Amino acid sequence: MTNTALAGASAPAAGRRRKAAPAPTGPDRIPKPSQGWYRVPGTDIKLRRVTTILSQGFPKPQLVFWAANLTAADAFNTLPTLVAASRRPAEREAAYDWLRKGHIRKKDERGDIGSAVHDVIEAHVLGQPIPESFLTDDEIAPFIDHFLRFVAEWEVTFEASEMTVGNFTDGWAGKLDYLFRSPRIAQVLKVAADTLFVGDTKTGGELDEKGVYPEAGAQMAAYRRAEVAWLPDGSQIPMPLAHSVGIVLHLRPEGYRPMPLKCGDDVYEAFLHVQQVAEFQRVLAKSVVGEALILPTITEEKAAA
């Protein structure tokens with residue numbers, strides 16, 4: 001599947017030509033995500049967002065059980081309130097709506113923490129001071145401490161952070177968390193000390209139990225197979241080759257774990273299949289099911305004859 005097919009490019013409309021927009025310069029040349037796509041500035045090319053592909057094409061049965069368990073826990077924790085609301089028609093709908101959206105509230109809470117942690121990591125990689133508001137936040141501070149421990153204990157040096165990468169041939173783009181080197185991780189994996197790794201940070205789940213799932217490997221496999229990368233100044237460079245094992249840094253308030261995940265060419269092939277499923281959901285699925293057939297009446301059959 002090529003980027004042209006994904007972009008949905010069409011011929012320019014006939015009539016008066018629009019005045020050409022000035023060519024983007026500097027950081028404005030970096031594609032920005034919007035509604036599941038990355039548009040390449042100055043072109044008509046749109047590349048599908050990697051996280052959108054994974055969310056629409058990768059099965060996540062564990063989320064069903066997580067949402068069900070969360071709803072059950074919320075129900076028992078607020079049982080008297082829910083029972084009272086069930087007897088008042090004016091409050092019943094609001095209580096029902098609150099209960100069914102528990103998983104959304106939880107994801108939003110975790111998303112806020114995850115975004116803050118990513119901001120901290122980016123500041124560290126760029127040599128910028130970590131915002132004081134994060135250092136004094138009781139929820140965020142433990143994540144920062146464990147991240148800095150990871151960097152020191154594993155002798156991590158970063159090559160890039162929050163870098164937009166893309167593959168024009170296969171029609172996708174995304175923003176990787178970071179590229180880094182670690183002689184200690186390299187030693188454990190029995191590879192050269194200066195090996196380049198793709199890294200990703202996850203802040204959900206529970207340490208040593210859950211929170212790191214196989215789709216993270218598929219995500220890193222895509223980033224590893226990017227054709228190009230955009231630097232902060234907007235310049236485009238070939239994507240450097242990273243190792244076929246990536247590292248997910250699982251950060252939790254109680255500690256951290258560097259988790260190795262396969263992200264080689266075989267995993268990338270699986271990602272391409274996921275991309276096809278996501279594309280089916282986006283386009284073809286809408287027209288697969290037709291209207292129910294109705295048996296023609298005797299009059300209609302005679303008329304047709």
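This is a predicted model, so every value here is computed, not measured. Counting begins at 1 with the first residue of the sequence.
Residues Leu54 and Leu272 fall within the same hydrophobic cluster, defined by Ile, Leu, Val, Met, Phe, Trp and Tyr side chains chained together at heavy-atom separations under 4.5 Å. Hydrophobic clustering (side-chain heavy atoms under 4.5 Å, transitive across Ile, Leu, Val, Met, Phe, Trp, Tyr) keeps Phe280 apart from Val274. Hydrophobic clustering keeps Ile121 apart from Leu126 (ILVMFWY residues linked when any side-chain heavy atoms are closer than 4.5 Å, directly or through intermediates). The cluster map of Ile, Leu, Val, Met, Phe, Trp and Tyr, joined by side-chain heavy atoms under 4.5 Å apart, puts Leu249 and Val125 in the same cluster. Trp37 and Val283 end up in different hydrophobic clusters when Ile, Leu, Val, Met, Phe, Trp and Tyr side chains are linked at under 4.5 Å.
The distance from the OG1 atom of Thr203 to the CZ atom of Phe147 is 13.5 Å, given to the nearest 0.5 Å. Atoms OG1 and CZ, on Thr52 and Arg282 in that order, are 10.5 Å from each other to the nearest 0.5 Å. To the nearest 0.5 Å, the span separating OH on Tyr223 from CG on Leu176 amounts to 7.0 Å. Taken to the nearest 0.5 Å, the CG atom of Leu241 stands 8.0 Å off from the CG atom of Leu196. Distance NE2/His124 to CG/Leu148: 6.0 Å, rounded to 0.5 Å. Taking CE of Met239 as the start and CD1 of Ile237 as the end, the distance is 8.5 Å to the nearest 0.5 Å.
Atom NZ of Lys262 is surrounded by 12 or fewer heavy atoms from other residues, nucleotides or ligands within 6.0 Å. Heavy atoms of other residues, nucleotides or ligands lying less than 6.0 angstrom from CD of Gln281 number more than 12. The number of heavy-atom neighbours closer than 6.0 Å to CG of Leu284, taken from other residues, nucleotides and ligands shown, is above 12. Atom CD of Gln35 sits in a sparse spot, with 12 or fewer heavy atoms from other residues, nucleotides or ligands closer than 6.0 Å.
Heavy atoms only, all atoms of each residue included: Ile30 and Leu231 are closest at CD1-O, 3.4 Å. When every heavy atom of Asp177 is checked against every heavy atom of Gly199, the shortest pair comes out as CB-O, 3.3 Å. Contact record, Arg49 with Tyr38: CG-CE1, 3.6 Å, taken as the closest heavy-atom pair. Closest approach of Ala221 to Gly264, counting heavy atoms only: CB-O, 4.1 Å. Contact record, Thr169 with Asn167: N-OD1, 3.0 Å, taken as the closest heavy-atom pair. Here the closest heavy-atom approach between residue Ala242 and residue Val198 is recorded as CB-CG2, 3.6 Å.
Proximity of Val245 to Pro260: side-chain heavy atoms (C-beta onward) are separated by under 4.5 Å at one or more points. The shortest distance between side-chain heavy atoms of Phe197 and Leu189 falls below 4.5 Å. Side-chain atoms of Phe168 and Val228, non-hydrogen and from C-beta on, do get closer than 4.5 Å to each other. Contact of the Thr201 side chain with the Tyr178 side chain is registered, since non-hydrogen atoms from C-beta on lie closer than 4.5 Å. In this structure, the side chains of Val212 and Leu261 come closer than 4.5 Å at one or more pairs of heavy atoms. With contacts defined as side-chain heavy-atom distances shorter than 4.5 Å, the pair Phe180/Ile185 qualifies. The shortest side-chain heavy-atom distance between Pro232 and Pro27 does not fall under the 4.5 Å cut-off. Annotation: side chain of Asp137 is not in contact with side chain of Phe143 (no heavy-atom distance under 4.5 Å).
Between the side chain of Gln56 and the backbone N or O of Gln275, no donor-acceptor pair lies under 3.5 Å. Judged by distance alone, with hydrogens and angles left aside, the side-chain atoms of His146 form no donor-acceptor pair with the main-chain N or O of Leu251 at under 3.5 Å. A donor-acceptor contact shorter than 3.5 Å links the side chain of Arg29 to the backbone of Gly26. For Ser55 (side chain) and Thr51 (main-chain N/O), a donor-acceptor pair under 3.5 Å exists by modelled atom type.
With sequence neighbours excluded, the residues that form a side chain to side chain donor-acceptor pair (under 3.5 Å) with Asp208 are Arg257. Contacts of His118 classified as ring-ring contact (aromatic ring centres under 6.0 Å, His included), with partners at least two apart in sequence or in another chain: none.
Between His250 and Tyr256, the ring centre distance reaches or exceeds 6.0 Å.
Among residues at least two apart or in separate chains, side chain to side chain donor-acceptor pair (under 3.5 Å) pairs with a member in residues 234-244 are Asp233-Ser235. Listed by first then second residue, pairs satisfying salt bridge (charged side-chain N to carboxylate O under 4.0 Å, His left out) with a partner in residues 195-206 read Asp200-Lys202, not counting sequence neighbours. Screening residues 183-198 for salt bridge (charged side-chain N to carboxylate O under 4.0 Å, His left out) gives Glu155-Arg184 as the qualifying pairs, with residues at least two apart or on separate chains.
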Just distance, no hydrogens or angles: give the donor-acceptor pairs under 3.5 Å from side chains in residues 157-166, sequence neighbours left out.
from, atom 1, to, atom 2, distance (Å)
Glu159, OE2, Arg181, NE, 3.1

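Classified by interplanar angle (parallel below 30°, tilted 30° to 60°, perpendicular above 60°), the ring pair Tyr268/Phe271 is parallel.
Between Tyr213 and Gln219, the side chains place no donor N or O within less than 3.5 Å of an acceptor N or O (distance only, hydrogens not considered).
For the pair Asp265 and Arg224, the salt-bridge criterion is met [side-chain N within less than 4.0 Å of a carboxylate O].
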